Trainee: 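Next up is a structure, given as structure tokens.
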Amino acid sequence: MPLPKTVEVLLPVALDRTLTYAVPDGLELAPGDVVVAPLGSRAQIGVVWDGAGEAVDGARLKTLEGRVPATGLAGPMRRFVDWIADYTLAPRGQVLRMALRGLADETPPPPKTGFRATGAAPSRLTPAREKVLAAAADGVVRPKARLAEAAGVSASVVDGLAAEGALELTPLPPPPPQQQPDPARPGPKLTPHQAHAAEALRRAVADGQYRVVLIDGVTGSGKTEVYCEAVAEALSRGRQTLVMAPEIALTVPFLDRFAKRFGVRPAVWHASVGDMGRTAVRRGVADGSIRAVVAARSGLFLPFRELGLIVVDEEHDAAYKQEDGVLYNARDMAVLRGRLEGAPVVLASATPSLESRVNAERGRYAKLALPARFGGRAMPEIAAIDMRVAGPPRGEWLAPRLVSAIAQTLSAGEQALLFLNRRGYAPLTLCRRCGHRMKCPNCSAWLVEHRFRASLVCHHCGHSGPTPDACPACGAADALVALGPGVERIRDEAAARFPEARISILSSDVMGAGERLAAELDAIERGAVDIVIGTQMVTKGHHFPKLTLVGAVDADFALGAADPRAAERTFQMLQQVTGRAGRGDRPGRALLQTFDPDHPAIRALVAGDREGFYAVETEARKAAMMPPFGRLAAVIVTAPAREAAEAHGRALARAAPKVEGIRVLGPAEAPLAMVRGRHRMRLLAQAPRTFDLPAYMRAWLAAAPQPRGGVRVAVDVDPQSFL
DNA sequence: CGCAACGTTATC
DNA sequence: ATAACGTTGCGA
């Protein structure tokens, strides 16, 4: 008996290895094909992979159930999955799962048919039949339901006429092809600097080679217009384009800018696109009927058939980091995808990440700097308010100097923006009697009071419940006090100070996402709002023409976090938000409320010394062996008990202050790279790459009390060193 | 003693 | 991922 033919199959489950299956007689399979494989007691979809598997004994070998008619993973996509899994220490199957999202059977649907009048008269003519024939008299082919509806009768009347030959079934004309983006439409008039940059990008796209270009363009320099020229070049050469943006920036105005340039909106791919949309986009991208996609990070895994350009807008944005499941930075993986597909990659930002700047300096990336548009507004004048000496009275959050600046702004008929990256009313609720702190039952994070919704909300896991009247611990009534400010509280304070002012909150939870937000933004743009109070939302998009004052209520918001990129994030976010102040004719001003006015990030903002900040930060990064200079790994603790895990996280944060992104995961979330018991170090050594774990981290691993669930290790290494 | 709850292990 | 399997703890 001949040995059965076998293939290696990667399954979208938390498994790193491929499994070997027998191929049923008569089935031809190639790597990348989608198949149905028996797994345990169920059937599981999978992808034929390349490479050899470990030998299996014949008794265990199972036979595939068949092939799925769907676009699988071409060679570069399979290498992409392998590389990401290797790099992020995730099981390959878990990465594959991301690449199969939106996958559906692509068997072409049977052609649609409709009814047309034949001219033959039915044997009996009832009033209902007359109506149908009248409706069909124009000769248009209509589906049964549509024809019945047009005649105002039920579908069975149509059936009766068809049975007697008065109507016949004919194929419907194919739906008109969807309108494609048109690169030939005239673009906007570019300044000489923009035109020069656009030309460089067009050449890169025309070459059709992998390369990375960093566009460093301050707000208002027109970097979107510039990279749109690269998109136009790719489209006109018959290549597909992928533009990536942080989820929060994928707004209607963003899509409309694209539509204005190319005539139609691009296909979109992000978290709130439903299953149907997903399926349509994946299929369209694979068969080539979709030419341009605008996507959040997961759009990286779409099976483009002829990708010619990837743009990563706002490349510095921390939202590109996926922090659950497979831990990856979409900006870095976009560069990898471009390399594997042989496509140029454009990274664009007004405040480029330190990693990208260094990669440009080292010559790995080309760099295009866009100066501010001629005649555009100058950078705002920024000053710090030292809250230790010039802060507000107890129980208030706006310093006198900021209050008087707001008053001045309002009396000039201009707008003020108060930026505070904290949703809700107050981040902590405390019992004055017994000291009890309101904590989330699931994750032990503090519950944030949302007075607008009259509830306490956990910003970690989404848990929410009504705000209690009495302390749940000691029962004292009226003893609960709200500590610290959120945007709602700032609104109350501003309303008390400026009762005449029209105030608007821009925060994801107050607004939702759709109509209300659009209406509110419109009101702000028209000048129907005097004071805008906003979270991170206000850093992106939307031009507020009357805005001349920005106040950062808590400029230090990220500086205390155990995040090694805290200073950089603070600097970038404050630079973006303060950059919004100013009208066409003159610069605006910005006030930063801070308890740490000597912090390098704050000082650099006040001095307007961006390069100086990056120089200091670069040295700090080098000293800490951080990417792109070192090989720092991030460590994530898991333990069955949330409390225990939190405690381990805190212990680790103390022991290893440079560790990034400590997150506590449930045991189910940490399958493969979980390091257990006494095998910790051995498993570390088995990891796909050798880690230079910093000494403090090794010490922590050796000395820490044993987390019950184990320790999961993720990388934070500049991937460029492996490309 | 039986079985539910929970953690562990294997999946070709 | 998820089903099957083993252990443990508690009520009958």
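Just so you know, these numbers come straight off a predicted model, no measurement behind them. Just so it is clear, the values below take in all heavy atoms, side chains as well, and ignore hydrogens, waters and symmetry mates. Lettering of chains follows the sequences in order, A, B, ..., and the numbering in each one begins at 1.
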Trainee: Looking at residues at least two apart in the chain, or sitting in another chain, which of them share a side chain to side chain donor-acceptor pair (under 3.5 Å) with A/Ser41?
Mentor: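 For A/Ser41 there are no side chain to side chain donor-acceptor pair (under 3.5 Å) partners, ignoring immediate neighbours.
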Trainee: Write down the distance between CG (A/Leu15) and P (B/dC12), rounded to a whole number of angstrom.
Mentor: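 That distance rounds to 10 Å.
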Trainee: Holding to side chain to side chain contact (heavy atoms under 4.5 Å, CB included), I want the full list of residues that pass it with A/Ala286, two or more places apart in sequence or in another chain.
Mentor: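 Residues passing side chain to side chain contact (heavy atoms under 4.5 Å, CB included) with A/Ala286: A/Thr71, A/Pro303.
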Trainee: Quick one: side chain to side chain contact (heavy atoms under 4.5 Å, CB included) partners of A/Thr535, sequence neighbours excluded?
Mentor: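 By the side chain to side chain contact (heavy atoms under 4.5 Å, CB included) rule, A/Thr535 matches A/Asn421, A/Arg423, A/Val487, A/Ser507, A/Met537.
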Trainee: For A/Leu61 and B/dA10, what is the distance between atoms CG and P respectively, to the nearest whole Å?
Mentor: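 Those two atoms, CG and P, are 19 Å apart.
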Trainee: Applying side chain to side chain donor-acceptor pair (under 3.5 Å), name anything that partners A/Arg78, two or more places apart in sequence or on another chain.
Mentor: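 By the side chain to side chain donor-acceptor pair (under 3.5 Å) rule, A/Arg78 matches A/Asp50.
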Trainee: Just checking, A/Arg331 and A/Tyr320: is the charged tip under 6.0 Å from the six-membered ring centre and within 45° of the axis?
Mentor: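 Verdict for A/Tyr320: no cation-pi partner in A/Arg331.
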Trainee: Looking at every strand, decide which applies to A/Arg17 at a 4.0 Å heavy-atom threshold: base, sugar-phosphate, or nothing.
Mentor: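 Here A/Arg17 touches the bases of the nucleic acid.
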Trainee: What residues, two or more places apart in sequence or in another chain, satisfy side chain to side chain contact (heavy atoms under 4.5 Å, CB included) together with A/Asp275?
Mentor: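 Counting only residues at least two positions away or on another chain, A/Asp275 forms no side chain to side chain contact (heavy atoms under 4.5 Å, CB included).
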Trainee: Which residues in residues 33-44 of chain A have at least one heavy atom lying under 4.0 Å from any atom of DNA chain C?
Mentor: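 Of all residues in residues 33-44 of chain A, the ones placing a heavy atom under 4.0 Å from DNA chain C are A/Ser41, A/Arg42.
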Trainee: Apply side chain to side chain contact (heavy atoms under 4.5 Å, CB included) to A/Pro12 and list each qualifying residue two or more places apart in sequence or on a separate chain.
Mentor: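 With neighbours one apart ignored, the set is A/Gln44, A/Ile45, A/Leu96, A/Arg97, A/Leu100.
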Trainee: Which pairs with one or both residues in residues 282-306 of chain A pass salt bridge (Lys or Arg N to Asp or Glu O under 4.0 Å), sequence neighbours excluded?
Mentor: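 Residue pairs with at least one partner in residues 282-306 of chain A: A/Arg291-A/Glu306.
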Trainee: Can you sort out which residues in residues 19-29 of chain A have a heavy atom within less than 4.0 Å of DNA chain B? Ascending by number, please.
Mentor: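 Output list: A/Leu19, A/Thr20, A/Tyr21.
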Trainee: What is the distance, to the nearest angstrom, from the CG atom on A/Leu11 to the P atom on C/dA3?
Mentor: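 The answer, rounded to whole Å, is 15 Å.
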Trainee: I need the CD-P distance between A/Glu65 and B/dC12, as an integer number of Å.
Mentor: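 Computing the A/Glu65:CD to B/dC12:P distance gives 11 Å.
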Trainee: Can you measure A/Leu10 atom CG to B/dC12 atom P for me and round it to whole angstrom units?
Mentor: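 So the CG-P distance, A/Leu10 to B/dC12, works out to 14 Å.
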